[in-house]
Every structure is written in C-alpha cells, then in structure tokens.
Amino acid sequence: MLRLYDTKARRVERIVPEGARTLRMYTCGPTVYRFAHVGNLRSYLLSDMIRRVCERHGLRAIVCQNITDVGHLVDDAQIDPQGEDKILRQARAEGRSATEIARFYEEAFRADAAALNLRPPEYTPRATETIDLMIELIARLLEKGHAYVVDGSVYFDARSFPTYGEISGNRLDTLKPGGDRFESLDPRKRFHADWALWKRSDRELTWDSPWGRGFPGWHVECSAMSLRYLGDRFDVHTGGIDLRFPHHEDERAQSNAATGHEVVAHWVHGEHLLFDGRKMSKQTGNVVLLRDVVEAGLDPLAVRLAMLDHRYRQQMNLTWETLRAADRTLRRWRRRVAEWAEHPSRPMAAEYAARAKAALDDDLDTPAALRVLRELERDESVPPGSRFETFLELDHLFGLDLSRDIGAAPTLPPGAAELLERRERARAARDWATSDRLREELAEMGVKVADTPEGQKVVLD
Ligand code: AMP
Ligand code: ZN
C-alpha cells in the first residue's frame with residue numbers, strides 16, 4: 001500500500017481509497033499563457049508517480065487536472081483594482097487572441113507531458129468551458145451563507161469557515177492583510193482574507209451570471225471541477241508547495257462549505273525545483289524548458305531521471321551537469337537492457353524488485369528505488385536474462401523507456417562521431433596531446449576508445 005506525506009495531517013499516511021478499487025486524484029494544472037518550465041513539470045511528475053504506484057497495487061486511477069485559461073491574475077497587479085489576467089496580458093504581448101494563446105500553450109504543455117512520459121489525466125477540463133459549474137457552485141455558497149455579493153462581484157466569507165488554514169497553518173486570526181497581495185487590497189471585501197469567487201467586469205473573456213457580467217476567481221475552478229469529475233469525496237489532491245496557501249486553503253473552504261464535509265482525504269505537495277541554487281521561475285530568470293534540454297542534445301527523459309533521483313518532498317537543485325549525467329545513465333541502462341535481451345530469458349530478480357517497490361511505497365522514495373536498480377546493474381551473480389526482466393518490470397514505475405534500444409545497433413551519443421573523426425586526424429598527425437584530450441571528452445560522453453594496431457576502436461560499456 002502506498003504511503004504519502006499528508007500536508008494537512010503533517011505525517012505520512014496510508015492511502016486507502018474511498019472507492020476500494022479506484023484512486024481519485026485531482027492535480028492543479030497549468031495556466032496556459034507560456035511554456036511550462038521543468039520546475040512546473042516536476043509537480044506533475046509527482047501526480048504521475050502516485051498514479052503509477054497505485055496502478056501497480058491494482059487500483060484504477062481517475063485523475064482530473066484543470067487547464068486554467070481564464071481568471072488567473074498577474075499577482076503583482078496592485079495598482080489596478082481589477083487585476084490583470086495572465087492570458088490576456090500575454091495575448092496583448094504576442095498580438096494574438098486569448099483563445100489562440102491558451103490553445104497554443106495547452107498543446108505545448110501536452111507535448112511536454114508526453115515527452116516526460118506523464119500519463120494523460122482522464123479529465124482535463126478548461127476553465128472557460130466550465131463556467132456554468134463555477135456559477136452553480138458560487139450560487140450554492142451564497143445560498144448557504146458562505147459568500148456575499150458587492151457590486152456584481154461575489155466574495156467568499158472566510159470567517160464563515162472555522163477550520164480555514166488547516167493545510168498551511170495560516171489561521172485567520174494570525175493572517176496579516178497583504179498575504180495574498182492583490183486580493184487583500186480589494187476595498188469591497190468585508191475581511192482582508194476573503195477572496196473573490198466572481199469578479200464583475202466587462203473586459204474580454206467575461207460571461208453573464210446571476211450577478212452580472214464577469215469572470216471567475218482562480219480558486220473556484222478547482223473546487224467546481226473536482227466536485228464535478230471526482231465526486232464530493234476523493235482521495236488525493238496534489239500541487240506544488242506554493243499552492244498550499246492561499247490556493248488550496250481557499251479551495252478546501254469552498255468545497256467543504258458547499259458539501260458540508262471534508263472533500264479531500266489527503267493533500268500532497270511537491271517541493272520546488274531550484275536551478276543553479278535558486279527557485280526556478282520566470283521572475284528569477286532561470287527558466288529551463290524541456291525544449292532547451294532537447295536542443296542541448298539530451299533526452300527529455302534525462303529530466304525525469306534527474307528528478308526521480310530526488311524525493312518529491314525535498315527541494316532539488318538541477319544543473320546542466322546533473323542533466324548530462326542523467327542522460328549518460330539513461331543511455332547506459334538502455335544499452336545494457338538491449339545486451340541482456342540477447343541472453344536466455346530468466347525469471348525476475350524478485351528480491352530486487354520487491355525492494356525497489358517497497359521504497360516507492362514508502363512516501364515515493366524514488367532515490368532509494370533507483371539505488372536498487374544501480375545495485376542490480378552491477379550484480380554479476382544475477383543472470384543477464386533476469387536483470388533484463390527486472391529492469392523492464394521496474395520501468396513500468398520509473399517510466400524511463402529502458403527498453404528503447406532493444407534490437408537496435410549500438411548508437412553513439414550526439415557529437416561523438418565528430419570527436420572520433422577529429423581524434424583520428426590528431427593521431428595521424430602524431431598530436432598526442434589533442435588525442436588524449438579528445439579521448440577524455442569522449443569518455444565523459446560514455447564512449448570509451450581503445451587504440452589498436454588497426455586504429456582506434458569504440459568500446460561501448
Ligand atoms: P502555474 O502554471 O504557474 O500555475 O504552475 C503550475 C505548477 O507548477 C504549480 O503546481 C506550481 O506549484 C508548480 N511550480 C512552479 N514553480 C515551481 C518550481 N520551481 N518547482 C516545482 N514546482 C513549481
Ligand atoms: Zn488548483
């Protein structure tokens with residue numbers, strides 16, 4: 001059984017699904033106004049790993065992940081009381097329509113997710129296509145006395161939900177105005193921690209509602225969609241750690257207030273990805289996209305492997321060196337799997353497989369599970385056919401395409417052929433210093449060369 005750290009309970013808990021054979025999980029999805037960076041992708045890998053481990057336990061996973069294509073405001077729009085929508089701002093910057101922007105980046109997100117072997121969620125509702133669900137939910141909250149209308153805008157009354165703050169520890173009596181910068185400054189609110197469910201506006205991307213024309217607040221979409229697609233009790237809710245507050249507190253308040261009970265059994269958060277020591281973000285300016293990794297000649301799954309080498313709950317610092325090292329490991333494993341495939345088939349190394357799976361069950365200890373794989377790779381007492389079976393079995397969980405090179409001729413990493421040629425020329429010119437330097441460069445790429453009387457030969461290890 002999978003155990004995960006539950007942010008609200010503040011301890012590791014067993015994930016026992018409400019519907020005995022089905023895991024229902026909601027994952028806060030992307031705001032589609034730009035390419036997702038690999039930091040964003042780390043938080044979706046968390047949800048993918050939970051799904052894979054649960055499926056191994058014989059559960060069917062039903063995952064809902066929203067596409068935010070309206071309502072997410074640029075957070076430091078303090079001067080403008082209406083705030084500015086991220087999608088609309090980008091549409092203006094690129095000279096395209098809001099819908100073009102949203103669909104373009106949604107498609108790019110799907111491509112990135114596929115390149116990282118993230119299993120597609122069962123439901124990916126768009127905010128602009130679920131406005132009616134949000135209006136229904138807001139109406140219910142008004143009816144139950146958890147919300148109020150001012151000038152055609154609707155606000156959630158935070159003080160009507162006594163357990164506000166249980167996920168993050170940000171209780172209402174200790175919260176200071178300004179925690180949620182833009183929201184706090186809205187003068188129409190009764191209390192600084194209240195938030196908008198519906199914002200009156202006649203800008204682009206607005207809809208008619210019982211309270212007048214406007215658009216939904218960002219937090220309300222996740223409540224409306226999860227209640228609709230997963231039901232009013234579901235098992236796991238995931239997101240990046242920065243979503244704990246206010247996004248998840250507000251979502252929990254909306255969903256619980258509407259239903260009258262606790263909707264989400266476990267809140268699970270992934271820690272941040274740092275790059276060169278600082279949180280990866282557009283503001284910091286240290287954004288790396290999956291396409292940058294591919295352009296550097298690396299396999300996109302090297303990103304997946306580098307991330308799996310850190311537990312989701314630890315901050316992890318990524319560097320180009322880590323990515324290159326992960327890429328070399330991937331190539332080596334695929335080559336070895338292809339070699340082992342040539343040997344007689346043998347049963348799986350059950351003890352190794354069980355240890356790796358136990359590590360994953362233990363709050364997704366992926367680094368420990370990968371250590372088991374590395375140990376097995378080196379264990380010459382295990383027959384090759386058996387190592388083959390075990391690697392493939394565990395790859396269902398790791399998702400690293402380790403069987404990709406089976407039956408293929410050994411391939412050289414990009415750039416290696418050119419270095420080999422240059423080395424041949426250097427040797428012909430008796431330039432031993434260059435020849436040695438090139439041999440080292442090749443070794444760093446995982447390509448060993450041996451000098452024989454017939455010339456240099458590549459030794460793939
Ligand atoms: P966004 O598209 O900006 O709404 O963010 C999508 C997801 O990425 C959210 O779950 C964030 O918590 C997460 N996120 C943003 N930056 C990072 C980072 N540097 N490392 C890990 N997750 C992040
Ligand atoms: Zn959300």
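None of these values were measured; they are calculated from a predicted model. In listed order, ligands and their atoms are each counted from 1.
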- Numbered atoms of ligand 1 (with element) below 4.0 Å of Arg34, judged on heavy atoms: 1 (P), 2 (O), 3 (O)
- Query: Is any N or O atom of Met280, backbone or side chain, closer than 3.5 Å to an N or O atom of ligand 1?
  - Reply: yes
- Message: Looking only at side-chain N and O atoms, does Asp401 offer a donor or acceptor that is under 3.5 Å from a partner on Asn117?
- Response: yes
- Report, as yes or no, whether the 6.0 Å neighbourhood of atom CZ on Arg96 holds more than 12 heavy atoms from other residues, nucleotides or ligands. yes
- Heavy-atom pair of closest approach, residues Leu197 and Ile138: O-CD1, 3.4 Å
- Taking only residues two or more places apart in sequence or in another chain, which ones pass side-chain hydrogen bond (donor to acceptor under 3.5 Å, both in side chains) with Glu375? Arg355
- Task: Just jot down the ligand 1 atoms closer than 4.0 angstrom to any heavy atom of Tyr44, in number order.
- Result: 6 (C), 7 (C)
- the protein heavy atom lying closest to atom 17 (C) of ligand 1 turns out to be His272 CD2, 3.6 Å
- Query: Which protein N, O or S atoms lie under 2.8 Å from the Zn ion (ligand 2)?
  - Reply: Cys28 SG, Cys222 SG, His247 NE2
- Query: For ligand 1, which atoms have a heavy atom of Lys279 less than 4.0 angstrom away?
  - Reply: 16 (N), 19 (N)
- Query: Counting heavy atoms only, which of Thr284, Thr31, Leu46, Asn40 is nearest atom 4 (O) of ligand 1?
  - Reply: Thr31
- Mind checking whether Lys86 contacts ligand 1 via backbone (N, CA, C, O), side chain (CB onward), both or neither, at a 4.0 Å heavy-atom cut-off? neither
- Note on the structure: Looking only at protein heavy atoms, what sits closest to atom 11 (C) of ligand 1 is Asp242 OD1, 3.5 Å
- Item | Heavy-atom nearest neighbour in the protein, as seen from atom 20 (N) of ligand 1, with distance rounded to 0.1 Å | Leu273 N, 2.7 Å
- Item | Those residues that, when tested against Arg374, pass side chain to side chain contact (heavy atoms under 4.5 Å, CB included) (two or more places apart) | Asp309, Thr329, Trp333, Leu370, Arg378
- Any pair with a residue in residues 149-159 that passes salt bridge (Lys or Arg N to Asp or Glu O under 4.0 Å), sequence neighbours left out, goes on the list, sorted by first then second residue, please. none
- Message: So for Arg278, does at least one of its heavy atoms come nearer than 4.0 angstrom to any atom of ligand 1?
- Response: no
- Of the protein's non-hydrogen atoms, which lies at the shortest distance from atom 23 (C) of ligand 1, and what is that distance? Gly39 O, 3.5 Å
- Counting heavy atoms only, which of Ser43, Gly240, Gly29, Ser281 is nearest atom 7 (C) of ligand 1? Ser43
- Non-hydrogen side-chain atoms of Leu59 and Pro17 separated by less than 4.5 Å: yes
- Task: Please lay out, stage by stage, how Leu360 and Arg56 fare under the test side chain to side chain contact (heavy atoms under 4.5 Å, CB included).
- Result: CA-CA 11 Å; Leu360 294 176; Arg56 184 186 68 82; over 6 Å; no
- Item | Arg10, CZ atom: more than 12 neighbouring heavy atoms under 6.0 Å | yes
- Message: Side chains of Thr68 and Glu221 only: does a donor on one sit below 3.5 Å from an acceptor on the other?
- Response: yes
- Query: If you measure from each heavy atom of Phe275 to ligand 1, is any distance below 4.0 Å?
  - Reply: no
- Message: Between Thr27 and Thr238, do the side chains contain a donor N or O and an acceptor N or O under 3.5 Å apart?
- Response: yes
- Do His237 and Glu251 have side-chain atoms, one donor and one acceptor, less than 3.5 Å apart? yes
- Would you kindly say whether His57 and Asp361 are connected by a side-chain donor-acceptor distance under 3.5 Å? yes
- Report the nearest protein non-hydrogen atom to atom 9 (C) of ligand 1: residue, atom name, distance rounded to 0.1 Å. Leu243 CD1, 3.8 Å
